[in-house]
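First up is the structure itself, then whatever we jot down about it.
Quick note on labels: first sequence line is chain A, next is B, and so on, each numbered from 1.
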Number of protein chains: 2
Amino acid sequence: MKKRTYNCGLDAAVDVVGGKWKALILWALHREALRFGELKRSVSGISEKMLIQQLREMESYGLVHREVHHQVPPKVEYSLTEFGQSLNTALIPLGDWGEKHMETIEAIPRTR
Amino acid sequence: MKKRTYNCGLDAAVDVVGGKWKALILWALHREALRFGELKRSVSGISEKMLIQQLREMESYGLVHREVHHQVPPKVEYSLTEFGQSLNTALIPLGDWGEKHMETIEAIPRTR
DNA sequence: CTCCATGCTTACGAAAAGGTAGGTACCTGA
DNA sequence: TCAGGTACCTACCTTTTCGTAAGCATGGAG
């Protein structure tokens with residue numbers, strides 16, 4: 001999110017969903033609302049810091065809805081807004097592509 | 001490209017197309033092969049360093065084909081492989097989404 | 001002999017992203 | 001009184017990414 005104007009839709013979309021985690025979080029919320037801890041377990045490898053940071057951003061973008069249940073211990077549920085769902089839908093073909101070519105992708109020699 | 005195994009296709013795809021530029025370069029090559037200079041003009045804002053760096057990576061991933069015409073001044077054409085085209089196709093819905101919600105996206109208040 | 005266009009390459013450093021580890025607050029139940 | 005579970009927050013540091021600016025090689029045109 002560094003620019004204000006875009007040349008094409010892909011540009012804008014990449015800006016929204018960019019980074020290492022947002023797409024995966026979106027994906028995890030595809031089926032159902034999840035609470036923080038569930039989400040953390042669902043998006044394997046993510047740290048708490050990253051998870052919250054990304055959730056906050058996505059909330060501010062209007063992709064994710066955050067619902068606090070005032071209980072003890074606390075319960076906070078995250079779910080997709082319609083906007084978030086529409087983005088998720090747009091990501092499906094990409095996910096399918098990744099799945100289809102998984103082996104090829106894993107076989108790519110990495111320098112980094 | 002930091003991991004070797006993925007939990008879902010989206011994970012893998014994001015790894016391949018991740019970063020600020022790859023999707024845009026792919027997109028630019030959608031219609032026709034372009035030479036270095038054309039590509040640079042086509043992907044607005046990109047520096048030569050980034051463009052080459054990304055092209056080299058994408059070439060090594062098998063997404064892009066590089067063809068040198070031995071002339072003076074030099075002419076190098078870049079085009080999509082079938083693999084690259086398939087990825088591009090998978091990106092179309094995302095591009096459409098971005099286009100459709102462009103105004104919303106641009107209206108998001110940015111902290112960074 | 002110098003300039004030009006093209007397609008790179010390199011060095012340097014700033015900025016952003018990401019990871020680690022620790023701490024906080026709340027009420028509950030033992 | 002005290003540990004436990006949940007959802008955070010914060011400081012600090014490392015890694016990765018990105019941008020700027022400069023330079024190089026080629027052969028033809030002038």
Side-chain angles (χ1 to χ4, degrees), chain A residues 1-4 6-7 11 14-25 28-29 33-61 64-79 108 110-112, chain B residues 1-4 6-7 11 14-25 28-29 33-61 64-79 108 110-112:
Chain A
M1 293 307 242
K2 292 146 204 157
K3 297 174 288 181
R4 283 107 225 279
Y6 304 102
N7 308 306
D11 196 356
V14 164
D15 212 12
V16 168
V17 84
K20 192 172 168 182
W21 300 113
K22 292 204 187 70
L24 298 177
I25 296 174
L29 291 174
L34 293 176
R35 43 196 302 194
F36 184 81
E38 293 171 326
L39 209 38
K40 190 187 155 192
R41 262 165 270 137
S42 186
V43 181
S44 81
I46 196 168
S47 68
E48 295 192 346
K49 174 193 159 187
M50 275 298 115
L51 182 53
I52 299 182
Q53 192 173 298
Q54 303 299 307
L55 282 170
R56 290 280 135 87
E57 268 186 55
M58 292 165 76
E59 198 191 345
S60 83
Y61 297 176
V64 160
H65 173 70
R66 176 173 183 266
E67 185 139 12
V68 181
H69 301 262
H70 293 285
Q71 306 175 353
V72 169
K75 174 173 177 180
V76 181
E77 277 192 329
Y78 294 91
S79 56
I108 292 172
R110 291 114 212 287
T111 323
R112 310 184 236 175
Chain B
M1 293 305 244
K2 291 148 207 154
K3 297 173 289 182
R4 283 106 225 277
Y6 305 102
N7 307 306
D11 196 355
V14 164
D15 212 11
V16 169
V17 85
K20 191 172 169 182
W21 299 113
K22 290 205 189 70
L24 298 177
I25 295 173
L29 291 174
L34 293 177
R35 45 198 298 196
F36 185 81
E38 293 172 328
L39 209 39
K40 190 186 156 192
R41 262 165 269 135
S42 186
V43 180
S44 83
I46 197 170
S47 69
E48 295 191 347
K49 174 191 159 187
M50 275 299 114
L51 183 52
I52 299 182
Q53 194 172 298
Q54 303 300 306
L55 282 171
R56 290 279 136 87
E57 268 186 55
M58 293 164 78
E59 198 192 344
S60 83
Y61 297 176
V64 160
H65 173 70
R66 176 172 182 266
E67 184 139 11
V68 182
H69 301 262
H70 292 286
Q71 307 175 354
V72 170
K75 174 175 177 180
V76 180
E77 276 192 330
Y78 293 92
S79 56
I108 292 171
R110 290 117 210 289
T111 323
R112 311 182 239 176

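In this structure, A:M50 atom CE and D:dC9 atom C1' are separated by 13 Å, rounded to whole Å. Spacing between atom CG of A:D15 and atom P of C:dA16 amounts to 13 Å, rounded to whole angstrom units. Per the geometry, NZ belonging to A:K49 stands 6 Å off C1' belonging to C:dG18, to the nearest Å. The interatomic distance linking B:L24 (CG) with D:dC18 (P) rounds to 11 Å, in whole Å. Atom CD of A:E67 and atom C1' of D:dA7 are 16 Å apart (whole Å). Between the C1' atom of C:dT20 and the CD1 atom of A:I52 lies a distance of 14 Å, rounded to the nearest Å. Nucleotide D:dT20 holds its C1' atom 12 Å from the NZ atom of B:K40, rounded to whole Å. Rounded to a whole Å, the CD atom of A:E48 is 12 Å from the C1' atom of C:dG19.
Side chain of A:Q54 to backbone of A:L51: no donor-acceptor contact under 3.5 angstrom is found. Distance alone, capped at 3.5 Å, places no donor-acceptor pair between the B:R66 side chain and the B:L55 backbone.
Near-neighbour residues of DNA chain D inside residues 69-79 of chain A, defined by a heavy atom below 4.0 Å, number-ordered: A:P73, A:P74, A:K75, A:V76, A:Y78.
Contact between B:L24 and B:K20 at its shortest, heavy atoms only, is CD1-O, 3.8 Å. Between B:N7 and A:S44, the shortest heavy-atom contact is ND2-OG, 2.8 Å.
Two residues, A:S47 and B:R56, neighbour DNA chain C, and the one matched to the more 5' nucleotide by heavy-atom proximity is B:R56.
The phosphate of C:dG7 (OP1 or OP2) has a side-chain N or O of B:R35 nearer than 4.0 angstrom.
Side-chain contact check for A:E67 and A:H65: at least one donor-acceptor pair (N or O, by modelled atom type) lies under 3.5 Å.
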Where do A:E57 and A:K22 land on the salt bridge (charged side-chain N to carboxylate O under 4.0 Å, His left out) test, with the steps shown first?
CA-CA 9 Å; A:E57 268 186 55; A:K22 292 204 187 70; 3.1 Å; yes

Show your working on side chain to side chain contact (heavy atoms under 4.5 Å, CB included) between A:I25 and A:Y78 and close with a plain yes or no.
CA-CA 10 Å; A:I25 296 174; A:Y78 294 91; over 6 Å; no

Applying side chain to side chain contact (heavy atoms under 4.5 Å, CB included) to A:Q53 and A:W21, what does each step give before you reach the verdict?
CA-CA 10 Å; A:Q53 192 173 298; A:W21 300 113; over 6 Å; no

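The overall bend of the helix from C:dC1-D:dG30 to C:dA30-D:dT1, read as the angle between its terminal helix axes built from five base pairs each, is 30° when rounded to 10 degrees.
Ranking C:dG18, C:dG7, D:dC18 by closeness to the B:F36 side chain, first place goes to C:dG7.
Enclosure of atom NZ in B:K40 is not indicated, since only 12 or fewer non-hydrogen atoms of other residues, nucleotides or ligands lie within 6.0 angstrom.
B:Q53 comes within contact range of no nucleotide atom at all, as no heavy-atom separation falls under 4.0 Å.
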